[in-house]
Amino acid sequence: MQTAQRNSLRLLQWMMVASLALPLALFVFASAGSWVSIRETADREIERTLDVAHEHALKVFETIDRSLSEIAEIIRDVPDADIVAREQTLHFRLKQLVASLPQVKSAWIFDAKSRALVNSLVVPAPDIDFSDRDYFKAHVAGDIGTYIGEALTPRPPYQGAAFFGVSRRRPSEDGSFAGVIQTSVLPEYFENYYARIGREPGSFFAVGRADGTVLARFPAAGREVRLDHNGPIGKLLAADPEAGLVTVTSSTDGIERRLGYRRLAEYPIYVSAGLETSAIRARWLSTMSQHLIFGAPATALLFALLGLALRRTRHLYYEAEKRRVAEEALKHGQRLEALGQLTGGVAHDFNNLLTVIRASVDLLRRPDLPEARRLRYIDAISDTVTRAAKLTGQLLAFARRQTLKPEVFDVGRTVQMLSEMIGTLIGSRIEIVILGPEEPCFVNADAGQFETAIINMAVNARDAMEGRGRLTIAVGMAASLPNSAPQPQHPYGYVAVSVADTGSGIPPDQFERIFEPFFTTKQPGHGTGLGLSQVFGFAKQSGGEVAVASEVGKGSIFTLYLPRTAGSGKSRQTPAADAAAIDGSGMSVLVVEDNAEVGRFATDALAELGYATTLVGNAVHALEELAAGAERFDAVFTDVVMPGMTGIELAQEVRRRHPDLPVVLTSGYSHVLSEHGSYGFELLQKPYSVEQLSRVLHRVGRRKVEHAAK
C-alpha cells in the first residue's frame, strides 16, 4: 500500500514537472519555429522593400541620364563662345529642367578648362575653377560615359545641401575633350523618400557607389560614410557583386542589421534595404508574448491544480496513515479487550494448575509414600505442566501485536483447539457445541486474527445470552458468498464458520450498525463495541465476508466466510512428551543458557542420560569454548533470548565458523522467532521434557551421523 502511495505521489510530482516542462518544451519549439518564420517574413519584407528602392533609384538615375542627354543635344556642336552668347536663354532652359526634377539641385555646362559656361542657378556663371571636382576630373582622360561622383559640399559663394555629381563628357567634332555636362543630385531627396517608405521600426536604406562610398542613407549618419573593402559587406560584394542578403553590424553606428543589396543595371550604384535585428527580435518577442499571455496563466493554473492535488493527496495519505495506525491500535485494543475478558478465566485456570502441582509436590515429600502413588503424583505434575504450556502457547498466539503473514491452516482443527479457551471465556453455564467438518478445511489467512475473530464472536454471543444458553460453533464449506453483488467466484469455494447463540437477537434497526467500530448496545463498562468490527475487517481483508441472521428473542447466527485453499497446512511436530528418553552414549553437548537454574536442570538431566555437557552463561563464552576446540562437541543447545548476542545470532555465527556442528534452539517466546522463524535451525519450545531434549539431540547430533557413516 505504501509503495502504491509513493508511486501515486511520484506520478503527481512528475505530472507537475511535466506541466511545466511540456509547455516549456512546446514554447521553446514554438519560439524556434516562430523565430525562423519571423526571420523568413523579415527577409521577404526586405526583398520587397529592396525592390521598391531599387526601382526608385533606377528611375532617378535614368531620368538624370535622359536630362544629361537632352542638355548634350541642345549644345551639340555649339562652340563655347556661342554658348556664352546664349547664356541667358540656356540658363532659363536649364532652370526649367531642374525645376522638373526634384532630385536635381542644379545643372552645369563646363568648358575644357573647368570654367562654368552656363548653369541653372545664376547669370552670369561664376568665374571659378572646378578642375578639382571629381565630376570634372573623371572625364579629362577619356570618355567613361555617365559618371556618378562622391557627396560634396557646395563651395562659396554657393550654399545649401550637400550633393553628388552626375556628369558626362562634352565631345568635340574631332572627338577631343570639350568640357563636362553635370547635374548636382541631392542625397536628401533619397533620404526623404526612404523616410516615407521606411515606416517600420528599425528600417534602413542606403544608396552608394561600387567603391563603397555611401551617397545617401536612412537613418542619416551625419558624416561621410565609406565601406571598408575588407569588411563583411566588402567581402560579400566581392563574392556576389549583383545581389545578396546578409546580417552585419555597422561600423558607423554599431547596430546589427539584416540587409539586402542589389546593383543598378548599367550603373556602378548599389541600393540596400534592411531591418535592425533588434526590431526583428522585437517582433518575435511581441508574438511570443501573446502566446505567453494565454499560455503562462494556463500553465500556472495547471501547475497550481496539480500542486493542490499533490497537497490534498499527501494530506489524504497522511490521514490514511493516521487511520491505519488507529486501525492497528484498534486491532491491538480488540486483542486487549479479548484478553481482558480472558483474564479472570485464565487466572482461574492457572491457579487450578498451580494447585495441582503444589499439592502433588507436597504429597511427594511425605515419607513412606507408596510407589504407585508417587508415580501418580509425578504424572499429575507432568500432565499439568503440559496443560499449562498449551494454555501459554494459545495466549501467545492470540496476543501477538504485530501483523502476521497469512499461513495455511486447518480451520476445523483450529476451532477445536480454541474450544477450551472459549469454554473458559464464556463460563460453565453456557453449553458449547462444536460441529466439525467432514473433511479438512484449509484457508490461507492470518491465524492469529482468525482466532481473535472467533473469540470476539463467542464473547458477543455470551453477552447476548446473558451468561446462560447454548453456543454452537459449526465449520463447513460453501460454494459462494451469501450476497447478491456480482464478483468472481473462488475456485475452491469458501470455508464457513458459524457461531450461533440462543440469546435475545438483534433488532432490525441495528443491523446496519453492528459492525461499526465502538457501536455497542451494552451497558457502560461492559464492552467497547470493537469485537464485531474486527471480525468484519478481518473478513474483508482476507477476501471473505460476514453474514448475520437474527430474530429477536430467538438468537443470532454470525457466519464468517474465508476463501478455501488447496493443500494442507504444515506445522513443526515436536516429540511426544511421553516418548522414551534416548541414552547419550557419551555425546558431548555445549549448553548455552543465561538462566542458571534452567541451565543446571538441562545439564543434570543430560548427564543422567550419559551425555557429556559443558554449561556457559552467554554466547561470547560459547564462542570461546568453540574456539578452544569445536571438535569436542557433537551439538550446541542454546537459549534464544539472552543478553548481548542472541541465540539466533550465536547459531548463525556457529554455522559460519563450523558448518558441520548442529545447533538446537530453545525458547518460550521470542518476537524474532514469531516474525522471521527459526532460520532453519531445530527449535525446542519451552517448557520441554528431558525425553524431548534427548530425542532432538540424538536426531541432529554430529556423533550419530558419524556412526551412521561407518
Side-chain angles (χ1 to χ4, degrees), residues 1-21 301-341 396-409 443-457 459-460 481 483 485 487-488 512-520 527-546 560-563 669-677:
M1 184 64 178
Q2 292 181 350
T3 301
Q5 292 178 356
R6 286 195 298 269
N7 290 340
S8 62
L9 290 175
R10 190 176 295 112
L11 176 61
L12 281 174
Q13 291 171 343
W14 277 112
M15 289 177 65
M16 291 183 64
V17 173
S19 70
L20 294 179
L301 179 61
L302 178 60
F303 184 80
L305 290 175
L306 288 173
L308 180 62
L310 177 62
R311 180 179 178 183
R312 288 182 62 85
T313 303
R314 282 177 173 166
H315 180 71
L316 289 175
Y317 286 161
Y318 173 73
E319 293 296 329
E321 179 63 19
K322 287 176 60 178
R323 180 177 178 180
R324 186 190 66 80
V325 173
E327 288 176 351
E328 291 295 328
L330 175 63
K331 292 177 182 178
H332 184 55
Q334 292 166 352
R335 292 182 181 275
L336 291 179
E337 179 184 5
L339 285 174
Q341 300 280 357
L396 288 175
F398 172 76
R400 283 179 294 182
R401 179 179 178 180
Q402 68 277 6
T403 301
L404 301 179
K405 297 179 180 179
E407 59 180 295
V408 178
F409 62 91
V443 297
N444 186 19
D446 188 319
Q449 291 287 340
F450 173 78
E451 294 169 357
T452 303
I454 299 301
I455 291 177
N456 281 335
M457 288 192 292
V459 169
N460 188 71
L481 296 178
N483 54 37
Q487 59 180 332
E512 299 296 329
R513 301 192 61 192
I514 57 175
F515 293 114
E516 291 182 7
F518 303 109
F519 174 77
T520 179
T528 62
L530 301 177
L532 292 181
S533 64
Q534 182 273 336
V535 177
F536 179 82
F538 167 68
K540 292 296 184 181
Q541 292 175 3
S542 301
E545 186 60 82
V546 178
L560 173 63
Y561 293 86
L562 296 175
Y669 171 74
S670 169
H671 72 281
V672 177
L673 291 174
S674 65
E675 291 179 1
H676 304 289

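Counting begins at 1 with the first residue of the sequence.
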Student: Which heavy atom of Ser19 sits nearest to which heavy atom of Phe303, and what is that distance?
Tutor: OG-CD1, 3.4 Å
Student: State, yes or no, whether a side-chain contact exists between Val546 and Tyr561 at a heavy-atom distance under 4.5 Å.
Tutor: no
Student: Any chance you could measure Thr313, atom OG1, to His315, atom NE2, to the nearest 0.5 Å?
Tutor: 11.0 Å
Student: Minimum heavy-atom separation for Met15 to Leu306, with atom names?
Tutor: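 That would be O-CD1, 3.4 Å.
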Student: Is the CE atom of Met16 crowded by more than 12 outside heavy atoms at less than 6.0 Å?
Tutor: yes
Student: Would a 4.5 Å heavy-atom cut-off, applied to side chains only, mark Leu316 and Glu319 as touching?
Tutor: no
Student: Between Pro563 and Gly543, which heavy-atom pair has the shortest distance, and what is it?
Tutor: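 Result for this residue pair: CG-O, 3.5 Å.
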Student: From Glu545 CD over to Phe536 CZ, what is the distance, rounded to the nearest 0.5 angstrom?
Tutor: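 CZ of Phe536 is found 6.5 Å from CD of Glu545.
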Student: Going from CG on Leu481 to CG on Leu562, what distance comes out if it is rounded to the nearest 0.5 angstrom?
Tutor: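 Result: 10.0 Å between the selected atoms.
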Student: For the atom pair CG (Leu560) and CG (Asn456), what is the distance rounded to the nearest 0.5 Å?
Tutor: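 Atom-to-atom, Leu560:CG and Asn456:CG are 11.0 Å apart.
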Student: Looking at Asn7 and Arg10, what are the two nearest heavy atoms and their distance?
Tutor: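 Scanning both residues completely, I find the closest heavy atoms to be OD1-NH1, 3.1 Å.
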Student: Taking all non-hydrogen atoms of both residues into account, name the closest pair between Asn444 and Val408 and its distance.
Tutor: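 Closest pair (atom of Asn444, atom of Val408, distance): OD1-N, 3.8 Å.
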Student: Taking the side chain as every heavy atom from C-beta outward, state whether Phe450 and Val443 have any pair of such atoms under 4.5 Å apart.
Tutor: no
